[in-house]
Structure formats: C-alpha cells, structure tokens
Amino acid sequence: MSGHGFLILDFGSQVTQLIARRLREMGYYSEIKHFGYPTEEIKKSNYDGIILSGGPHSVYQEGAPYRSIKELVGIAPIMGICYGMQLICHDLGGKVESAKSREYGFKTVTWSKSPFVDGVMSQPVWMSHGDVVVSVPQGYQVIAETDDHPAAMEKDLVFAVQFHPEVVHTQRGDEILNYFIGKTKAKKNWQVDDFLKSIQDRVLAEVGTQQNILCALSGGVDSSVLAVMLTRIFGKERVYCVFVNNGLLRKNEYEKVIQSYESLGLNLHPVDASESFLQSLAGISDPEKKRKTVGRVFIDVFDAAVKKIQADDHVEIHFLAQGTLYPDVIESVSTTGSSVTIKSHHNVGGLPEKLNFKLLEPFRMLFKDEVRQLGKALKLSDELINRHPFPGPGLSIRVIGEVTAEKLAILKEADAIYIDYLKEKGLYEKIWQAFCVLTPVQTVGVMGDGRTYDSVLAVRAVTASDGMTADWFEFHTRDLREISSRITNKVKGVSRVVYDITSKPPATIEWE
Ligand code: XMP
C-alpha cells in the first residue's frame, strides 16, 4: 500500500525546497523537516520514501548536522543528495574527504547502471561540493562516477547521488528522482484535485458549521484564491472580505479588482482610505518609516472596518484567514545564522494579535505555483492568477523620497503605459515582476522648443522563481526604445527614462 508521500530531511542546502517542489510537480506529496526530526515520528507517518538533502557542512567536522542513517534504513527507501550521500557513507563505514579540487558547477557523470529508461550512460549534472566520497560503505555499488570520484551509489533500497537532480541545470533530473521513486511504493497523490480536497477537508474540520471567517484581500493571487475557496466552502454569509484602498495601488486597480471580486461572488466590504494613508505619509522620506506607517494605518483602517461589519450585521467573527505559504513555514536549517532585516515586509502581519482572532492558514503547505493551480481549478481569471507580485506598501516604496498625490499620479500613469506595453507584446508573463520607480532626480530636457526640468523615471523588470534572487530582464532594444518614447511622450512630469540593470543580489527587487 502506498503511504504518506516523501519526507525530505533538511541539512541546510540552499535548494532543499526545490526537492519538494520537483516531487510535487511530479505528482507526489512531499514535506520538509529539520534533519533532526524524531525517528518515532517518521515511523508513525508511514512515508513512502525519505530524502536527505544537501548541506554546506563537512560530515567529518565537529558540529556538522548529523543523524543516524542506520536508524533510518528499513523504515522506508532512502535517497541521499550531496551531503546526504556523504552522510550515508560516513555513517555506514565509507570514507569522505576534502576534495583536492572543489567540484562546482557543471560536471559530466558516467553511469555504469543507467537510471534512464532509454539507457543513456553519460550526462551533464550540477555539482556544488568541497568534499568527496573516496570509498563507499561495504555492500554498496558505485553506479556513476565523475572523472575522479563516485557520483552515485546504491544498495537495495538506498540510493545516493553526489550531484543535485533537483536543480534545472542537471539534465533529466526528474528522471533520476523517478529512478528513486521506482524503489518505493509511492502512488501519485498530489494533483490539484487531491490537494484541493485535502485542504477543504482540513478547513471544514477546523472551522466547523457555526463559525465565521474574515479575509483581508490585497488584489494579489494568494488572498484572492483563498477568499474564493473559503466562500465556495462556507457560503458568502460566513466569509467576510475586506479590501482596503490605500491609494497606493496601480492606476484604476481598486475599481478593477472590486469588479472582479464581485463577479466571483464574494461578500465584499471595500474601504477607500486613500486620504488617511496619504495624510499619514506626508513629510516621510525614509523607506522603513514609510513601510511602518502604511502597516500601522492599515491595521487601524482594517480594525475599524471589521468593527463596522460586526455592528452592522450583528455577527461574530472567529477566524482571520491568511494566505501564508509553505516557504514561510518550513523550519529550514539556517546556514547563515541570524539574518539581518533588509526591509520590514508588510502584509497583514500584526493583525491577528490586534484583532484577537484565531488564525486560519489553509495554504501553509502550498507553494505559490500550487496556489495558482488551485486558482485555475476554482476558475479564477488568468489575469488574476498571473498577476505580478505587488508589495503591501504599494507605490509608496516606488516613489523615492516623500510621497505626494502629484508624484503618485505621475507614477501611476507611467506604470500603466509600461504594463500595458508588456501585455500588448506578450512579455508580461515572461517577467516575474515589472514596475516603474519615480526618482527624486530632476534633469533638463527639451520638448518642442522649450526647456523642461522634470523627473527621471526608472523602469524595472526582473525574472525570478521566488523573489529571493532575481535577474534583470533582457529586453530587445526596440522594446526599451518604445517604452521610453511612449512614457516621455504621454506622461507630463517625466523628462527621462532609465532601465535598471541590477540583479538581486546585490540590489533588491524594489528600490526601497
Ligand atoms: P525585495 O525588494 O525585498 O522584494 O527584493 C522581494 C519581493 O517581495 C515584494 N515585497 C513585498 N511584498 N510586502 C509584500 O507583500 C512588502 O512589504 C514587500 N516588500 C517587497 C517585492 O515586490 C518582491 O516581489
């Protein structure tokens, strides 16, 4: 009988999440736990297979993350990846040493036993390690090698590779994971209908038949899918949706989003608080102060809106639903120590404490692409599902320096022209996020026969898979030319357009 999908034990690799994502994309449930997750719990959960992730340490060093492999063997089939392979060797009597030359980047491995159905024996893979296996444990067979080291080994239901099949740079990585899956009894159990059903069952059990729910909508994909799903489950009488206009949304976005929410049948309570936000932001130039101000005003506005709903409709609200995603809840092994705060991100953080509701987080186990799949299954429009991420503090962090109504108006116009252009040319969906930034720099221009002295507008477009790292998008020069000309011709107040060619790191995606 098949079991509970795959357990991934995290030894601190930067790409552990990708293992879970690949398996889920292939249709198998998978979850990530700290490498020290108790053996008793593992046994109880009846996993189909256990995968040991990579990690930045050396297995033979004092203090390196360790768990007994002997204890795991026999519970379920095991796959080791990079550090995972080294740990299996180290714990079962093989030998791991520091490599004379680090194996980093692309390497060719040659299989003596091909994991592929077509029998291919050699392939490029992606490696990143400073240690190598010099001898495998007794009874293990080396089934792939690089020029000088074992690159894969197996024995019965244990299989390990020195490279990373989960990253896209490794060719046919999915098939290598599939080779391991073939050793297990796993059955595909993670298609969109499966996870929709499992989420619905869980939410129904948690909320019961009497209690009411509040959703804070942002116009973005996570909160929209969440509100629609909950409304379909509990009916609009029990799911109250508040959507706040902070005046920092894109051009006409408040009106457009209200329309699409209404057509989705939500019990919508829109609140236009643009004036309060703008007044509170007056005189503030510091990015962190802007973020904090928007967050504080949001909580006050939201709080007042909820009190009004409760009074007007004579209802009690029990839950606040939030679109928290899996990457925010994974208890990963930190390899960098405590990280510094680059920016204080604001969503609806702080609301639960203030409002004293129970938290409902149905998407805690989902990745963003899975939320998008749910959105599709719930028949949300492509426009809503494929919308670029948009920060909670909105355009306030895209007007550099003090935010004023005039500057916001210029930014909204320019941004709308830019985004329309991307949609017109089919570029929008190739880009993770695109937006304009109004800088506080003024420069001289010439229009007609007159001199202008107007603002410099920066245009940004990045590709990314999760926003943690990003690269600038390589437009054709004809696109840049057209974007610049449309904006400077149509937007009064902009004399010059520049394109941001900085990746993250060292920059961040937003400018503030
Ligand atoms: P940075 O600028 O830190 O942004 O590289 C990474 C991603 O996060 C978005 N972002 C935010 N999202 N609240 C949000 O919900 C925020 O306060 C916030 N600040 C940045 C940013 O747009 C990018 O997608």
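From a predicted model like this one, the values you see are computed outputs, not experimental measurements. For ligands, and for the atoms within them, numbers begin at 1 and follow the listed sequence. Side chains included, hydrogens not; waters and symmetry mates left out as well; all remaining heavy atoms used.
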Peer 1: Taking only Lys NZ, Arg NE, NH1 and NH2, and the carboxylate oxygens of Asp or Glu, determine whether E253 and R250 approach each other closer than 4.0 Å.
Peer 2: no
Peer 1: Flag I509 as yes when one of its N or O atoms lies below 3.5 Å from any N or O atom of ligand 1, and as no otherwise.
Peer 2: yes
Peer 1: Relative to the heavy atoms of E510, which atoms of ligand 1 are at a distance of less than 4.0 Å?
Peer 2: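 So the atoms of ligand 1 that pass are 2 (O), 20 (C), 21 (C), 22 (O).
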Peer 1: Does an N or O anywhere in F390 fall below 3.5 Å from an N or O of ligand 1?
Peer 2: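 Checking ligand 1 against F390, no N or O pair falls under 3.5 Å apart.
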Peer 1: Considering only heavy atoms of T508, which atoms of ligand 1 have at least one such atom less than 4.0 Å away?
Peer 2: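 Ligand 1 atoms under the 4.0 Å threshold to T508: 1 (P), 2 (O), 5 (O).
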Peer 1: With salt bridge (charged side-chain N to carboxylate O under 4.0 Å, His left out) as the criterion, how do E288 and K292 come out once you've worked through the C-alpha distance, each side chain's angles and the decisive distance to 0.1 Å?
Peer 2: CA-CA 6 Å; E288 274 304 288; K292 295 260 157 60; 3.7 Å; yes
Peer 1: Please check if any side-chain donor atom of S13 sits under 3.5 Å from a side-chain acceptor atom of S53, or the reverse.
Peer 2: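 Distance-only check fails for S13 and S53.
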Peer 1: I need the atoms of ligand 1 closer than 4.0 Å to a non-hydrogen atom of K504, numbered in the order shown.
Peer 2: 1 (P), 3 (O), 5 (O), 6 (C)
Peer 1: Angle between ring planes, F243 versus Y261, binned at 30° and 60°: parallel, tilted or perpendicular?
Peer 2: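 Ring orientation of F243 relative to Y261: perpendicular.
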Peer 1: Would you say that L366 contacts F195 through its side chain, given a criterion of any heavy-atom pair below 4.5 Å between the two side chains?
Peer 2: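 Counting from C-beta outward, L366 and F195 do come under 4.5 Å.
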Peer 1: Could you say whether the N/O atoms of R398 and ligand 1 ever approach to under 3.5 Å?
Peer 2: no
